[in-house]
Amino acid sequence: MSYIEITDVSRVYHKNGAEFHALHHVSLAIERGEFICLLGPSGCGKSTLLAALAGFDRVTSGSIRIAGEEVREPHIKNVTIFQNYGLLPWRTVEKNVELGLESLGTPPAERTEVARKYLAVVGLERFAHSHPPELSGGMQQRVAIARALAVDPDIIFMDEPFAALDAITRMGLQDEISDICRNEGKTIIFVTHDIDEAVVLADRVVVMTPNPGQVRCVIPVDLYGRRDRTSADFLHIRDRIFAAFEMKPKDGTEYYI
Ligand SMILES: Nc1ncnc2c1ncn2[C@@H]1O[C@H](COP(=O)(O)OP(=O)(O)O)[C@@H](O)[C@H]1O
Ligand SMILES: [Mg+2]
C-alpha cells in the first residue's frame with residue numbers, strides 16, 4: 001500500500017445543464033517523502049485534485065486515501081501554501097510563523113523557539129519583527145513556507161506558490177524550497193504549469209491534460225541534489241515532458257502548439 005492512494009477519481013461539475021469532468025478517472029500512488037509536481041495547462045484539474053487531496057473538496061467518484069484513511073476533511077498534520085501567501089498583515093513575521101503552533105496549543109516559549117528556527121531555515125531571522133507588507137513577495141512566500149514547516153507537517157500541498165513572483169526571485173526560491181524540502185524529508189504535492197519548475201523540484205512529474213482532466217503520464221526525474229538547469233540530463237527530461245504534452249514531436253525537430 002502506498003502512502004497516498006488516488007484511485008479512479010472523477011470530479012464532475014454541472015455547467016449549464018451539462019456534465020463537465022474536471023477530473024476523469026485519475027489514479028496515482030505517492031510514497032512518503034516524495035516531491036510530486038502536478039503539471040499541466042490551465043483548466044486541467046490541478047487545483048481540483050490538490051483541493052481533494054487536502055480535504056477541502058470531495059470527489060464525485062473514486063477514492064483518495066492517505067496512510068490508509070479516506071480523506072474527508074483537512075487534516076491537522078497537513079498544510080497548504082497558496083499563491084497569495086495567506087499572511088496576516090497586522091502580525092509580525094515571527095507571529096505569523098507561530099500561527100499554526102497556536103492552533104496546536106504549543107506553549108508560547110516553545111512557539112517562539114520553533115518560529116525562530118524556521119525563520120533561520122528560510123533565511124529571514126533578521127525580519128522576525130517586521131510586518132508582511134514591509135517584505136518583498138519572495139520574502140513573504142518564505143514566511144509562508146516557514147509557517148508551514150513550523151507545525152512539522154506530514155504533507156505540504158502547494159498550489160502555484162511562486163506564480164506571483166518575478167522570474168529571478170522565482171528561480172532562487174525554487175532552489176531554496178528544493179533544498180529545504182529534501183532536508184526536512186516532507187511529502188510535497190506541488191501544482192505548477194511551468195515545465196522547468198517541475199523539473200527543478202520534482203522526484204516525479206505528473207503530466208495532466210484538460211477536457212477532461214486526466215493524468216497523461218508520470219515522468220520520473222532522475223536528478224539528484226540541486227539541479228543544473230543547463231545540464232543535458234535536465235534538458236532531456238524537459239524534452240520528454242514537452243513530448244508528453246504533444247507540443248513537440250518525438251524526434252524533437254519542431255514545435256506544435
Ligand atoms: N466550482 C466549480 N464549478 C464549475 N467548474 C469548475 C469549478 N471549479 C473548477 N471548475 C472547472 O474545472 C476545470 C479544472 O479547474 P482547476 O482544477 O482549477 O484547473 P487548474 O488548477 O489546472 O487550472 C476548469 O475547467 C474549471 O473551470
Ligand atoms: Mg489552479
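Predicted model only: the values in this text are computed from it and were never measured. In each ligand, atom 1 is the first atom listed, and ligand 1 is the first ligand listed. Computed from heavy atoms alone, side chains included, the values below leave out hydrogens, waters and symmetry copies.
For ligand 1, the protein residues placed under 4.0 Å by at least one non-hydrogen atom are Tyr13, Lys15, Phe20, Ala22, Pro41, Ser42, Gly43, Cys44, Gly45, Lys46, Ser47, Thr48.
Note on Asp196 versus Arg227: no salt bridge recorded, every NZ/NE/NH1/NH2 to OD/OE distance being 4.0 Å or above.
Here the straight-line distance linking atom CG of Leu173 with atom CE of Met139 works out to 11.0 Å at 0.5 Å rounding.
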Please step through side-chain contact (heavy atoms from CB on, under 4.5 Å) for the pair Arg58 and Arg72, ending with a clear verdict.
CA-CA 7 Å; Arg58 300 294 297 272; Arg72 296 184 194 282; 3.6 Å; yes
Dump the intermediate steps for side-chain hydrogen bond (donor to acceptor under 3.5 Å, both in side chains) on Glu197 and Gln174, then the final yes or no.
CA-CA 7 Å; Glu197 182 162 87; Gln174 288 164 355; 2.6 Å; yes
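None of the N, O or S atoms belonging to Thr48 lies under 2.8 Å away from the Mg ion (ligand 2).
With hydrogens and angles disregarded, no donor-acceptor distance shorter than 3.5 Å links the side chain of Lys186 to the backbone of Phe35.
A donor-acceptor contact closer than 3.5 angstrom is absent between the side chains of His25 and Gln214.
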